[in-house]
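Here is the structure we will look at.
Counting convention: from 1, in listed order, for ligands and their atoms alike. Throughout, numbering of the chain's residues begins at 1 and tracks the sequence.
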Amino acid sequence: MQPKTLGEFVIEKQHEFPYSTGELSNLLNSIRLAAKVVNHYVNKAGLTDILGATGISNVQAEEQQKLDALANKLFIDALINREIVCGIASEEETDYISVSGMNKDNTNKYVVLIDPLDGSSNIDVNVSVGTIFSIYRRISPVGTPVTLEDFLQPGRNQVAAGYVIYGTSTMLVYTTGHGVNGFTLNPALGVFYLSHPNMKYPSKGKIYSINEGNYVHFPTGIKKYIKYCQEEKDDRPCTSRYIGSLVSDFHRNMIKGGVYLYPPTSKHPNGKLRLLYECNPMAFLAEQAGGKASDGYRNILDIKPEELHQRVPFYTGTTEMVDKIEEFIQIYD
Ligand code: AHM
Ligand code: MG
């Protein structure tokens, strides 16, 4: 039997939301479309480097854009043009964008937060990158311009979240709070098909992913945890795998069983990753896949954000591994 397409799946699942008006389905479909366009550009990044241009038609201004800025523009345009959100915040933008004024009836309920191209330093060397998105229902009244508070909601309030991984194949993985499902793009047809239904972490993980080059700057608890992973005892040592592209590291760890760590360092005293664009959506996915995400002390989803570009230490993976990290932090830090 032919697997379901992402479009079919989104429509089929609409009933999971009582009183749904189809707005969220339309929004997910716009993200799907933007992902395909970004995928198209990511895939020819090497070619455009050789030619010394970005290869986007003949528009000079666009030709000079870096791919992450281009991805940012493509996602924002896709969301604004379809008038399906009332606000957008992006890792690439200083402030949030209010879309409300453009819709005459001003009835849109959702805000979207995106990291349009995460791990973009990997593009030059042909390593997987990703897009991360997070969707909330606005808290300010419909019909008024969005406010900062609409974006500064705890991750627990997310209505949907997901990522696109531009890897050996392109996948879109998302959750609406009813499990995690993964769809693989058939590039010949330009269609995402359900390939990974109901994704779950294995109960035991053996992979740890961390930039060990920063070891001397890590808190003692994390140093001790790394040594624990390397110890020859019980079912250890663990394997170390680090791509340096959160989406790819997270995706592998969810499928194979592992944990991703970005602790505080002297360069990044609050960790490097952004709570709103990277950690919250990944934490929602992790929890829906039977895993967990923490800043070492608190569940990421319970943190009340204070600013748009806030950073937090981030540990996510199988529940057992994240619990162990929290235990080490508790003892040593
Ligand atoms: P970016 O949003 O500027 O791309 O940074 C986020 C990326 C993550 O994808 C990745 O896990 C991390 O930064 C890697 O950082 P480092 O090079 O310090 O290990
Ligand atoms: Mg990023």
**Item:** Flag if over 12 foreign heavy atoms under 6.0 Å of CD, Q330
**Value:**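 Open.
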
**Prompt:** Going by the angle between their ring planes, with limits at 30° and 60°, are H196 and H251 parallel, tilted or perpendicular?
**Reply:**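 Geometry flag for H251 against H196: tilted rings.
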
**Request:** Take the angle between the ring planes of Y228 and F328 and call it parallel below 30°, perpendicular above 60°, tilted in between.
**Result:**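 Y228 and F328: tilted rings.
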
As an exercise, identify every atom of ligand 1 less than 4.0 angstrom from a heavy atom of [X].
X    : answer
Y242 : 11 (O), 12 (C), 14 (C), 15 (O), 16 (P), 19 (O)
Y260 : 10 (C), 11 (O), 12 (C)
E91  : 2 (O)
S120 : 4 (O)
L246 : 8 (C), 9 (O), 10 (C), 11 (O)
G244 : 9 (O), 10 (C), 11 (O), 14 (C)

**Asked** How would you list all residue pairs meeting salt bridge (charged side-chain N to carboxylate O under 4.0 Å, His left out) that involve residues 202-229, not counting sequence neighbours?
**Response**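 Residue pairs with at least one partner in residues 202-229: K204-E320.
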
**Request:** Could you name each residue pair satisfying salt bridge (charged side-chain N to carboxylate O under 4.0 Å, His left out) that touches residues 303-315, not counting sequence neighbours?
**Result:**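 Qualifying pairs: E149-K304.
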
**Asked** Between OD1 of D118 and OD2 of D115, what angle is found at the Mg ion (ligand 2), rounded to 10 degrees?
**Response**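 So the angle at the metal works out to 90°.
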
**Request:** State which residue, out of L285, I255, N181, fulfils the side chain to side chain contact (heavy atoms under 4.5 Å, CB included) condition with M199.
**Result:**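 Result: among L285, I255, N181, I255 is the only option passing the side chain to side chain contact (heavy atoms under 4.5 Å, CB included) with M199.
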
**Request:** Applying side-chain hydrogen bond (donor to acceptor under 3.5 Å, both in side chains), run through S209 and R252 and close with a yes or a no.
**Result:** CA-CA 10 Å; S209 311; R252 183 208 46 243; 2.8 Å; yes

**Asked** Does a salt bridge link D302 with R298, judged by any charged N lying under 4.0 Å from a carboxylate O?
**Response**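 Answer for the salt bridge query: no.
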
**Message:** Regarding N253 and D249, do their side chains bring together a donor and an acceptor under 3.5 Å, going by distance alone?
**Reply:**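 No, because no side-chain N or O of N253 sits under 3.5 Å from a partner of the opposite role on D249.
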
Note the single closest protein heavy atom to [atom], along with its residue, its atom name and the distance in Å.
atom                    : result
atom 4 (O) of ligand 1  : G119 N, 2.8 Å
atom 15 (O) of ligand 1 : K272 NZ, 3.0 Å
atom 1 (P) of ligand 1  : D118 OD1, 3.7 Å

**Request:** With the Mg ion (ligand 2) as the reference point, give the N/O/S atom of E278 that is nearest.
**Result:**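 The nearest such atom is OE2.
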
**Message:** Of all the N, O or S atoms in E91, which has the shortest distance to the Mg ion (ligand 2)?
**Reply:**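 Closest N, O or S atom of E91 to the Mg ion (ligand 2): OE1.
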
**Asked** Of all heavy-atom pairs between L308 and F151, which one has the smallest distance, and what is that distance?
**Response**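 Nearest heavy atoms, L308 then F151: CD2-CB, 3.8 Å.
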
Tell me whether ligand 1 is touched by [X] - counting only heavy atoms on the residue side and a distance under 4.0 Å.
X    : result
Y262 : yes
E278 : yes
D115 : yes

